[in-house]
Amino acid sequence: MDQATPPDARPDAQAEARLRALLGRIAAGAPLREPGADLSQLSAGPGALAAVADAGLGTDAETGGLALSGADLSRARMEEADLSGANLRRATLAGAVGRSTRFTGAILEEADLSEADLSGADFTDIVAGQVKFAGAMLEDARFGRAAMRFADLSGALLDGTDFAGADLWGADFSGADADDTNFRGARLDEAKLADANLTHADFAEASLTKASLAGSRLRGAHFTGAKLDGADLSGADLSDTDLVRLNLATCRLRHARFAGAWLNGTRMSVEQLGGAVGEEVAGAYDAAQASYLALEQNWKSIGSHDAASWAYKRGRRMGRFHAGQQARTAWSDRDWSGFLRHGYRWTADRFVEWLCDYGESLSRIARAFALLIVLFGGLFGLTGGLFISEGPEAGPTYNPLDLLSYSALNMMTANPPEIGLKPTGRVTNLLVGIEGGVGIILMGLYGFVLGNRLRR
């Protein structure tokens, strides 16, 4: 017949004994000094303490949790422990292992949890001004409504961490890895998020006034309803990011990346970009073209036509640069068909840019008119095919005024001009026909560009 289990060997009794022993050590002399202590699965929330503590022995009068202010619990093991409501003000838990530990409602002001493994831990409603989580592992941890002003989370691993509604004013996330992190409704004013990986992070309704996100990776992030007044997004990767109806007019956007970003109704200016988007600076011309396309569509949506024109021309230029890259690669690989294809595209784009700046410049078309008038006038002189038909000067003319007058009128009228000069010879008549055809094309192009400008 099996013997009954002794009362003090039951799991509940063992847990109670561990808790009483800890409370006794806390009461014996504060602050507690137990580096490497084993607190795993310890149930020490206010409810458990109320059941075992004698007249508040080892408990904090402010929170009802463990009184661990100033304690040294570095490298402690506390997996799945319940430290809800604990007072850990200025405590040291550096290097501690506390996966799935509960710190709900705890006080962690100025506490040091650097390099700790706290994956899945619950920090909901904590008070933790100037707390240190530098280099800590906090994947899937929960910081909902936490008060963490000027917290140090630099270099921390924050994938999937929830900071919804948290007060993170002035917090330092520099270099943190925070894929899929939730900052919905959080206060991140003046926070440091430079060079952080914030891919697919959710900043909906968050306040990021004067926050630094310079160089951060924000691909696929959501900023719906976010406040970004004065934020620094210099060099940030905003590819595939939701930036609809935001006011970025006071932000720093120098060399930011926008390829594939959803921009519509967003306030910003050309000057903020520092002359080029980040993809262009990096030589990624294909992505730069997509970035300028997103900017062009946004500026059209807010009626900023000059800015949209600038983005359109830059995008076309990026397409030419990309074609040049491909042509050089094809040449190196001895891919002659590819070289001809990409080389033709580069040449055609370069000619269109020279001729009319991709359909945006009237002055360039006028310049083309002037140059062609002079060119064909010179050709008429070389062929000697323009004759004065009547008068004492009848015969071939080489007078520059005659040549330029005939060339100008021939380019700008449908039929050869009747000004007392007659083209003679096959070559001269061929030149007259070519110039007339080119003139018709340029006149049509000029009218098209002029119409676009007037409609704006």
Side-chain angles (χ1 to χ4, degrees), residues 309 312-324 326-328 330-331 336-456:
S309 174
Y312 166 72
K313 290 186 289 185
R314 298 293 296 192
R316 287 292 303 271
R317 191 170 299 165
M318 295 307 102
R320 175 167 65 84
F321 289 167
H322 182 55
Q326 291 177 306
R328 288 190 293 272
W331 176 271
W336 308 125
S337 63
F339 172 74
L340 291 174
R341 184 172 64 256
H342 299 307
Y344 171 78
R345 181 186 168 193
W346 183 92
T347 304
D349 277 6
R350 186 68 185 90
F351 173 73
V352 172
E353 182 182 16
W354 174 86
L355 178 62
C356 60
D357 203 11
Y358 303 111
E360 296 292 315
S361 175
L362 291 171
S363 62
R364 292 197 181 194
I365 301 174
R367 178 188 65 183
F369 265 117
L371 290 175
L372 289 172
I373 287 169
V374 173
L375 174 63
F376 278 97
L379 292 175
F380 291 145
L382 288 175
T383 61
L386 281 185
F387 281 75
I388 299 175
S389 55
E390 298 177 356
E393 297 179 354
T397 180
Y398 297 95
N399 186 325
L401 184 60
D402 290 339
L403 298 175
L404 290 177
S405 298
Y406 187 89
S407 178
L409 291 171
N410 184 54
M411 178 166 283
M412 297 182 186
T413 56
N415 299 308
E418 298 291 339
I419 57 172
L421 295 174
K422 182 178 180 181
T424 303
R426 293 179 179 177
V427 174
T428 302
N429 278 288
L430 178 62
L431 290 174
V432 169
I434 292 173
E435 185 182 23
V438 171
I440 292 171
I441 293 172
L442 289 180
M443 289 294 289
L445 179 60
Y446 192 89
F448 172 76
V449 175
L450 178 61
N452 283 340
R453 298 291 293 273
L454 291 175
R455 280 194 295 272
R456 292 175 186 172

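When reading the values below, keep in mind they use all heavy atoms of this one structure, side chains included, and skip hydrogens, waters and symmetry mates. Nothing fancy with the numbering, it's 1 onward along the sequence.
Taking the six-membered ring where tryptophan is involved, the planes of Trp336 and Phe339 are perpendicular, since the angle between them exceeds 60° and thus also 30°.
Considering CD1 of Ile440 and CG of Leu445, their distance stands at 14.0 Å, rounded to 0.5 Å. In this structure, CD1 in Ile434 is found 11.0 Å from CG in Asn429, a value given to the nearest 0.5 Å. For the atom pair CG of Leu379 and CG of Leu375, the computed distance is 4.5 Å after rounding to the nearest 0.5 Å. Taken to the nearest 0.5 Å, the NE2 atom of His322 stands 12.0 Å off from the CE atom of Met318. To the nearest 0.5 Å, atom CG of residue Leu382 and atom OH of residue Tyr398 are 9.5 Å apart.
Of the charged side-chain nitrogens involved, at least one lies within less than 4.0 Å of a carboxylate oxygen, so that Glu353 and Arg317 count as a salt-bridged pair.
Counting heavy atoms from C-beta on, the side chains of Phe380 and Asp402 never come closer than 4.5 Å. Between Tyr358 and Arg364, the closest side-chain pair of non-hydrogen atoms is not below 4.5 Å. For the pair Ser361 and Ile365, the minimum side-chain heavy-atom distance is 4.5 Å or more. Two residues are said to be in side-chain contact when any heavy atoms from C-beta on lie closer than 4.5 Å; Trp346 and Gln326 fail this criterion. Under the 4.5 Å side-chain criterion, counting only non-hydrogen atoms from C-beta, Tyr406 is in contact with Leu386. Side-chain contact between Leu372 and Glu435 is absent, with no heavy atoms from C-beta onward closer than 4.5 Å. The closest side-chain heavy-atom distance from Ile373 to Met412 is below 4.5 Å. Residues Leu403 and Leu421 fail the side-chain proximity criterion, which asks for heavy atoms closer than 4.5 Å.
In this structure, Ala323 and His342 approach most closely via the heavy-atom pair O-CB, 3.6 Å. Taking all atoms of both residues into account, the shortest heavy-atom contact from Gly384 to Pro396 is O-CB, 4.0 Å. The nearest pair of heavy atoms linking Glu360 to Ser309 is OE1-OG, 2.6 Å. Minimum interatomic distance between Phe376 and Ser407 (heavy atoms only, all atoms of both residues): CB-OG, 3.6 Å. Nearest approach of Thr428 to Pro423, heavy atoms of both residues: CG2-CB, 3.7 Å.
The 12-atom threshold is not exceeded at NZ of Lys422, counting heavy atoms of other residues, nucleotides or ligands nearer than 6.0 Å. No more than 12 heavy-atom neighbours from other residues, nucleotides or ligands sit within 6.0 angstrom of CH2 on Trp331.
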